[in-house]
Protein chains: 4
Amino acid sequence: MGHSILKSDKKKNSDKHRRIIEAALKVFAKKGFYNSKVSEIARAANVADGTIYLYFQNKDDILISLFEEEMGNILDKMHQALQTVTDPAAKLERFADQHLTMLEENQELAEIIQVELRQSSKFMKEYQNDRFHQYLNIISGIIKEGQQMGVFRKDILPGVAKRAFFGALDEMSRYWILSPVKKYSTAVAAQQISAFFIKGMLVDPQTA
Amino acid sequence: MGHSILKSDKKKNSDKHRRIIEAALKVFAKKGFYNSKVSEIARAANVADGTIYLYFQNKDDILISLFEEEMGNILDKMHQALQTVTDPAAKLERFADQHLTMLEENQELAEIIQVELRQSSKFMKEYQNDRFHQYLNIISGIIKEGQQMGVFRKDILPGVAKRAFFGALDEMSRYWILSPVKKYSTAVAAQQISAFFIKGMLVDPQTA
Amino acid sequence: MGHSILKSDKKKNSDKHRRIIEAALKVFAKKGFYNSKVSEIARAANVADGTIYLYFQNKDDILISLFEEEMGNILDKMHQALQTVTDPAAKLERFADQHLTMLEENQELAEIIQVELRQSSKFMKEYQNDRFHQYLNIISGIIKEGQQMGVFRKDILPGVAKRAFFGALDEMSRYWILSPVKKYSTAVAAQQISAFFIKGMLVDPQTA
Amino acid sequence: MGHSILKSDKKKNSDKHRRIIEAALKVFAKKGFYNSKVSEIARAANVADGTIYLYFQNKDDILISLFEEEMGNILDKMHQALQTVTDPAAKLERFADQHLTMLEENQELAEIIQVELRQSSKFMKEYQNDRFHQYLNIISGIIKEGQQMGVFRKDILPGVAKRAFFGALDEMSRYWILSPVKKYSTAVAAQQISAFFIKGMLVDPQTA
DNA sequence: CATGAATGAGCTTTCATTCAT
DNA sequence: AATGAATGAAAGCTCATTCAT
């Protein structure tokens with residue numbers, strides 16, 4: 001919190017901020033945060049090493065900023081994608097599909113989120129990850145909505161279910177990131193995973 | 001792969017190997033792999049810095065060995081826990097409960113597996129994680145068994161379901177590792193998560 | 001030597017030169033030469049970083065120019081202060097009083113002269129400090145005058161005495177610069193120190 | 001304060017600590033603290049760069065340690081030199097002679113004390129220079145002794161006189177450090193300077 | 001004249017690894 | 001087998017200086 005705030009005004013007059021973020025995306029994804037050198041990012045961004053520090057406080061700040069910005073985009077896109085859907089079950093399936101598609105289209109970002117930021121104790125412990133919680137809460141929102149509409153069972157804990165659902169998707173994407181060949185299409189995986197949860201949460205037919 | 005093979009014989013004559021692994025467990029869990037110093041591990045294990053290199057090839061090898069050994073234990077315990085259960089649905093619930101309980105009882109190990117070992121693309125890409133795949137395959141084994149017994153639907157892809165199920169549990173444990181207070185008990189979370197999947201995979205009553 | 005010569009004409013058309021010198025005075029006094037940043041001076045002077053280089057060749061030149069100009073002022077004031085005094089002994093006491101008073105009134109300048117300019121072998125060796133020698137020579141001038149008038153002993157080496165006298169005053173002012181509380185007033189210290197030297201240099205009464 | 005305390009035990013088994021101090025003496029004297037590189041000191045000491053940090057906390061600590069140790073030696077030698085003298089006036093002359101001789105024989109140390117440590121605001125403000133105060137207090141001790149014996153006037157403030165005397169000697173040595181040729185011998189300068197102060201402080205003959 | 005974004009050389013410090021004892 | 005002092009490559013970051021605007 002508070003990272004890059006003073007310096008972010010500079011974004012307006014220059015694309016360097018963006019160039020650096022995008023360079024960092026590539027470099028971090030390829031080598032991992034700790035094995036990436038600031039000078040590599042600088043070279044990839046076509047700026048001098050020192051220029052990095054005009055736009056970011058330090059190496060950590062590059063990663064945090066990268067995450068904040070990209071996660072902001074992802075949140076926006078997800079909200080847009082869900083706008084046209086009303087049925088909670090359909091929303092969950094849409095979420096799954098959008099999530100996996102998005103990560104598939106942004107392999108590098110997916111990798112960074114997976115292995116560098118979400119996993120790193122350094123960042124996870126020190127950095128209160130609001131954007132990520134907002135993302136998870138989209139899921140619990142859908143579930144609560146479904147419960148109110150009488151579609152999903154009332155005994156489901158949305159706080160558990162949101163994590164379970166996200167985790168299921170996440171593990172799937174981790175698999176894809178790390179394995180060169182995909183056995184299943186994004187659509188099939190999204191459909192299967194959301195189906196587990198939808199069926200698993202539906203009000204029992206006989207009870208209804 | 002190939003790590004510590006020559007040197008692992010030394011285990012027999014000495015507890016230093018074990019002392020180092022256990023020291024590393026504590027240190028890596030607390031500080032993270034890249035922020036842990038070999039000398040810290042040495043101090044925690046009560047050996048000289050150089051001694052580490054009599055038992056491990058390098059710092060990476062400590063982490064890999066740690067993971068291999070601990071994962072071996074986990075696999076053994078899981079097999080044992082499942083031995084007494086026969087019903088596939090019950091097995092899944094047992095798996096979930098055992099998984100979360102185990103991680104709860106080994107917070108440090110849980111943290112390392114979560115944030116350190118999976119973290120780095122370095123490790124995930126270079127190191128073929130057999131033990132982890134064996135662990136995942138326990139899940140798909142149960143699912144396939146359920147399908148053969150006609151309990152679970154045939155259209156379920158075990159390769160997707162195993163990851164989804166593991167991911168759901170994993171995200172739950174990540175939450176617990178990183179958050180100081182737990183809102184849900186291990187048992188409740190295990191029950192809910194397995195219930196989603198069981199219900200989600202069951203053969204439809206009317207179809208049956 | 002040769003610093004700022006071409007650029008010093010600019011003084012006439014602008015107060016920026018003066019603003020920068022005065023800003024540097026504050027900044028160097030507070031942080032020391034090596035720990036002061038050119039950008040800090042620029043900010044304090046309310047000019048852009050680059051503007052500094054329109055008026056000074058480089059960071060060193062700021063310090064040298066500052067010293068030259070301020071030392072010029074000090075020389076002028078000292079000559080003025082001594083104009084009304086004729087007796088060599090009284091002149092020495094006046095010198096001491098004026099010296100300590102001046103430094104007391106210009107703490108920042110005093111500090112820079114003390115700790116920054118004299119400090120660095122870099123400056124002391126490379127920069128022939130004419131103004132400083134002129135200042136010292138005021139003292140030896142008084143002593144020689146006293147010797148010619150038969151007031152001070154002929155065996156006194158003016159070259160040694162000037163340094164001794166200046167050093168005595170200088171150490172006193174160093175003490176004041178570095179210690180937060182003053183035990184002795186400027187006047188008392190000036191009187192005591194000049195008394196040592198006057199008594200110490202006077203022609204022996206019986207010999208006279 | 002507290003510098004190098006933990007690490008100083010290592011001195012016992014190795015001359016590296018001493019080698020580094022002596023290398024730093026040369027390098028700092030030649031280039032000044034801020035213009036000296038740690039790697040230069042390492043090279044001059046014939047150790048690896050990293051070895052420096054086994055014996056010193058950081059670059060600052062090298063300078064402080066150097067000063068503490070050398071100043072300790074100087075204090076010892078001065079106490080020894082004064083042991084055989086009883087008359088306060090003779091003691092002052094002895095002090096002056098010993099001081100100038102010592103600095104003459106240790107030009108490099110003299111230069112560092114003069115221009116790096118005593119003058120540097122960084123060190124003078126942050127570092128309570130006990131050894132230096134002990135040194136000054138040798139002078140005031142002699143003066144007080146002389147006052148009690150009725151040799152020096154009671155109105156002399158020892159706190160002023162010690163600084164004046166030290167300052168006089170110090171300025172003399174600064175001159176020698178910075179100027180290539182010496183016009184006056186150490187002995188002559190010592191004699192003249194101490195004579196000023198002795199005569200200046202003596203009880204007036206007629207008053208006595 | 002004035003600006004301030006950009007540069008990149010250069011420095012301190014760290015720490016995995018080695019090897020003489 | 002065990003030690004731990006020594007190594008030295010490597011990297012993050014700073015800041016005096018420049019130059020296009």
Side-chain angles (χ1 to χ4, degrees), chain A residues 7 9-10 13-14 16-17 20 34-43 45-62, chain B residues 7 10 13-14 16-17 34-43 45-62, chain C residues 7 10 13-14 16-17 33-43 45-62, chain D residues 7 10 13-14 16-17 20 34-43 45-62:
Chain A
K7 312 209 167 182
D9 318 50
K10 288 180 184 164
N13 298 330
S14 131
K16 292 222 167 63
H17 180 98
I20 294 164
Y34 285 102
N35 292 309
S36 299
K37 293 164 213 153
V38 172
S39 60
E40 284 179 291
I41 298 171
R43 200 182 327 119
N46 233 294
V47 298
D49 289 21
T51 305
I52 301 267
Y53 293 88
L54 296 176
Y55 294 88
F56 301 91
Q57 285 164 17
N58 49 40
K59 194 183 166 189
D60 286 11
D61 189 36
I62 304 174
Chain B
K7 310 209 170 184
K10 287 180 186 163
N13 298 332
S14 149
K16 289 219 170 68
H17 180 98
Y34 284 104
N35 292 309
S36 298
K37 296 164 204 160
V38 171
S39 63
E40 282 180 292
I41 298 171
R43 200 184 325 121
N46 235 298
V47 298
D49 291 19
T51 306
I52 301 264
Y53 292 85
L54 298 175
Y55 294 87
F56 301 90
Q57 285 164 17
N58 50 38
K59 194 182 167 189
D60 287 10
D61 187 36
I62 304 174
Chain C
K7 312 209 167 182
K10 289 180 184 163
N13 299 331
S14 149
K16 290 220 169 69
H17 180 98
F33 179 75
Y34 285 102
N35 292 309
S36 298
K37 295 164 204 162
V38 171
S39 62
E40 283 180 290
I41 298 171
R43 201 185 323 123
N46 234 297
V47 298
D49 291 19
T51 305
I52 301 265
Y53 292 86
L54 297 175
Y55 293 88
F56 301 91
Q57 285 163 17
N58 50 38
K59 194 182 168 189
D60 287 9
D61 187 37
I62 304 174
Chain D
K7 312 212 168 182
K10 289 182 185 164
N13 298 331
S14 133
K16 292 221 167 65
H17 180 100
I20 293 165
Y34 285 103
N35 293 309
S36 299
K37 294 163 214 155
V38 172
S39 62
E40 283 179 290
I41 298 172
R43 200 183 326 120
N46 232 296
V47 298
D49 290 19
T51 305
I52 301 266
Y53 293 87
L54 295 177
Y55 294 88
F56 301 91
Q57 284 162 18
N58 49 39
K59 194 182 166 189
D60 287 11
D61 189 37
I62 304 175

Completion exercise
Output for pair (A:Ile52 CD1, A:Ile20 CD1), nearest 0.5 Å, gives 4.5 Å
Exercise for the section: Check D:Glu40 against D:Asn35 and note the closest heavy-atom contact, atom names and distance. Expected result: OE1-O, 3.8 Å
Completion exercise
The nucleotide from E:dC11, F:dT3, E:dT7 with an atom nearest the side chain of A:Ala48 is E:dT7
Handout entry: Spacing between B:Tyr34 atom OH and F:dA10 atom C1', to the nearest angstrom
Key = 15 Å
Exercise for the section: Using whole Å, report how far NZ of D:Lys16 lies from P of F:dG4. Expected result: 16 Å
Completion exercise
D:Phe56 CZ to E:dT12 C1', in whole Å, measures 16 Å
Problem - Base paired to E:dG8 (Watson-Crick or G-U; both N/O distances under 3.5 angstrom) - result: F:dC15
Fill in the blank from the handout: Between CG of A:Asn58 and P of F:dA11 the distance, given in whole Å, is 17 Å
Practice task
Working to the nearest 0.5 Å, report the span between CG of D:Asn46 and NZ of D:Lys16.
Solution key: 9.5 Å
Handout entry: Atom-to-atom span, OH of C:Tyr53 to C1' of E:dC1 - whole angstrom
Key = 17 Å
Completion exercise
With the side chain defined as heavy atoms from C-beta on, C:Lys59 is closest, among F:dA16, E:dT12, F:dG12, to F:dA16
Problem - Interatomic distance, A:Tyr55 OH vs E:dG4 P [rounded to whole Å] - result: 14 Å
Fill in the blank from the handout: Rounded to whole Å, CG of C:Leu54 lies from C1' of E:dT3 at a distance of 9 Å
Completion exercise
pair_partner(F:dA20), Watson-Crick or wobble, both distances < 3.5 Å, evaluates to E:dT3
Completion exercise
On DNA chain E, more 5' by nearest nucleotide between B:Ser36 and A:Val47 is A:Val47
Practice task
Give a yes-or-no answer on whether the side chains of C:Asp61 and C:Tyr55 include a donor-acceptor pair shorter than 3.5 Å.
Solution key: no
Completion exercise
Judged by nearest nucleotide, the residue sitting upstream toward the 5' end of DNA chain F, D:Ile52 or C:Gly50, is D:Ile52
Exercise for the section: State whether the side chain of C:Lys59 and the backbone N or O of C:Phe33 hold a donor-acceptor pair below 3.5 Å, judged by distance alone. Expected result: yes
Handout entry: A:Ile62 CD1 - F:dA11 P separation (whole Å)
Key = 15 Å
Practice task
Identify, between B:Asp49 and D:Thr51, the residue whose nearest nucleotide on DNA chain F lies closer to the 5' end.
Solution key: B:Asp49
